[in-house]
Amino acid sequence: MAKPTDPRTLAVTILAKVAAQGSYANLTLDATLRQHDLSPRDTALVTNLVYGVIQHALTLDYYLKPFVKARKLDPWVHALLQTAVYQMVYLDKIPLHAIFYESTAIAKRMGNVGIGKFVTAVLRNLQRSQRPDLTKLQPAAYRMSIMYSIPEWLVAKMMDQVGAEKAEAIFATVDRPAAASLRVNTTKITPDQLLAELQQTLPDVAVSALTPVGLVAPGGHLAGLSEFAAGEFTIQDESSMLVAPSLDVQPGDQVLDACAAPGGKTTHIAQYLDAAQGGQVTALDLHPHKVQLITANAKRLGLAERVTAMAMDAREAADTFAPGSFDKVLVDAPCSGLGLIRRKPEIRYDKDPASIAKLPEIQFEILDAVASLVKPNGRLTYSTCTMVEEENQAVVARFLSAHPEFSAVAVPTLTPVKAHGAPALQLFPDDYGTDGFFIASLVRN
């Protein structure tokens, strides 16, 4: 019989908790793994099952639907069936008899003999049936939704905004595992030096195609490396590394990072500053505990003297800072996060059109509130980690209409970047294999 701490049982428990309580998968997974002394192999299997099921949930449910029909399943039974089908479809190295035996044993232990028989029957019927050809589904939005496990409303939105071919390229990329990426702390080490160091343990690590200060690897626990503890790098997606250069920061600049936690972009900005020349980045976040994260990240990277972090609603910044206080201002706005759906697969199921509809107003309010803080000839960057026009281009257009003293200009980058939406920069996951991201550079005339 399956042990209470075997990887499949743990995966089912985590998935059921995420489904029933709306917990974040990464936090629930990390907390569970800390509580159990698993082998590296079992840790990898739990992680694979949890993220794999979430990533392919709509596809798995499509395969299951004919065999569970309208029966209402407890969250853990649903999760158990999903993990079994995920192994059957996507993990071809696991024998069927092992999947059936373990799944039935878990069903009996967590439920009863009757649930065990039900699970066995579903899996046997699924095994005997011919798996449907998802490529034949119609219409196109429904087909993509089931094939790539993307809610149909989001498929339709992306098809409308970028076209069916581009939308499918995006979803196909999201369906593949994301690479691990890091940003070199150039105040402590050069990219070439860090690359040489890391290649001793991660031979596949390579320089990012998007930025010379980024390194990428197919996988690996980068935050567990000694170089991370020494502050030689921080974890950051490649597309996010384009934000700080977009500000064209000079050593003596006063910079405001209006929505800063956990501090990735704040510390990147700080790398360009020189405290001896008066350079300083003021980092704001609404939540005090997140301000502590900014401070801790700056300290680990040896950049604390260049960073001032404080708890503040960015929409109230003009009440504290005088007009024209900053050479550069960054608004990395709260957003739907739809550009992150490969790295954080549950996001796709957490969002709906109504929740997204509320965000552009908040995004505009923040931009509007900080506009007066930008010096004449200063620069304001607006960025999001989403892909939909209403949170990106539409917000910028509204801001420019309300603030004719600002003009949109080309986004500065360290290396040439092929992107969409000039003069703004829109990256989709299929462009460079990164998160979806949007950056607009606005100069005060």
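FYI, the numbering just counts along the sequence from 1.
Here the two rings, on Phe233 and Phe228, have centers that are under 6.0 Å apart.
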Next on the checklist: Quick one, Arg398 with Asp368, criterion salt bridge (Lys or Arg N to Asp or Glu O under 4.0 Å). Give me CA distance, side-chain angles, the key distance, then yes/no.
Outcome noted: CA-CA 10 Å; Arg398 181 182 174 189; Asp368 186 57; over 6 Å; no

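Salt bridge absent: Asp6 and Arg8 never bring a charged side-chain N and a carboxylate O closer than 4.0 Å. A salt bridge is defined here as a Lys NZ or Arg NE, NH1 or NH2 lying under 4.0 Å from an Asp or Glu carboxylate O, and Asp175 with Arg342 fails to meet this definition. Ion pair Asp257/Lys265 not flagged as a salt bridge, since none of the NZ, NE, NH1 or NH2 atoms sits closer than 4.0 Å to an Asp/Glu carboxylate oxygen.
Counting heavy atoms from C-beta outward, Ser336 and Leu359 have side chains that approach closer than 4.5 Å. The closest side-chain heavy-atom distance from His97 to Glu102 is not below 4.5 Å.
In this structure, Lys69 contributes its side chain and Pro66 its backbone to a donor-acceptor pair below 3.5 Å. Using modelled atom types, no side-chain atom of Thr381 and backbone atom of Ser441 make a donor-acceptor pair closer than 3.5 Å. A donor-acceptor distance shorter than 3.5 angstrom exists from the side chain of Asn185 to the backbone of Gly231, with no hydrogens or angles considered. Between the side chain of Asp133 and the main chain of Thr135, a donor-acceptor pair closer than 3.5 Å is present. Checked by atom type and distance alone, the side chain of Ser181 never pairs as donor or acceptor with a backbone atom of Val216 at under 3.5 Å.
For the residue pair Ala25 and Glu346, the shortest heavy atom distance occurs at N-OE2, 3.2 Å. Summarising the geometry of Thr384 relative to Glu391, their closest heavy-atom pair is CG2-O, 4.0 Å, with the distance given to 0.1 Å. Of all heavy-atom pairs between Gln426 and Gln393, the closest is OE1-NE2, 4.0 Å. Closest of all the heavy-atom pairs between Leu58 and Pro151 is CD1-N, 3.8 Å. Across all non-hydrogen atoms, the minimal contact from Asn297 to Pro262 is ND2-O, 2.7 Å. Annotation for Tyr432 and Pro416: closest pair OH-O, 4.4 Å, computed over non-hydrogen atoms.
Of the N and O atoms on the side chains of Ser208 and Arg183, not one donor lies less than 3.5 Å from an acceptor on the other residue. For the residue pair His36 / Asp42, no side-chain donor-acceptor distance below 3.5 Å is found, with atom types taken as modelled.
Under the side-chain contact (heavy atoms from CB on, under 4.5 Å) criterion, Asn112 pairs with Ile115, not counting sequence neighbours.
Atoms CD and OG1, on Gln271 and Thr187 in that order, are 5.5 Å from each other to the nearest 0.5 Å. In this structure, CG on Leu73 lies 9.5 Å from CD on Gln82, to the nearest 0.5 angstrom.
Between Phe171 and Tyr148, the angle of the ring planes lies from 30° to 60°, which puts this pair in the tilted group.
With respect to Leu330, the side chain to side chain contact (heavy atoms under 4.5 Å, CB included) criterion is satisfied by exactly one of Ile269, Leu256, Val281: Ile269.
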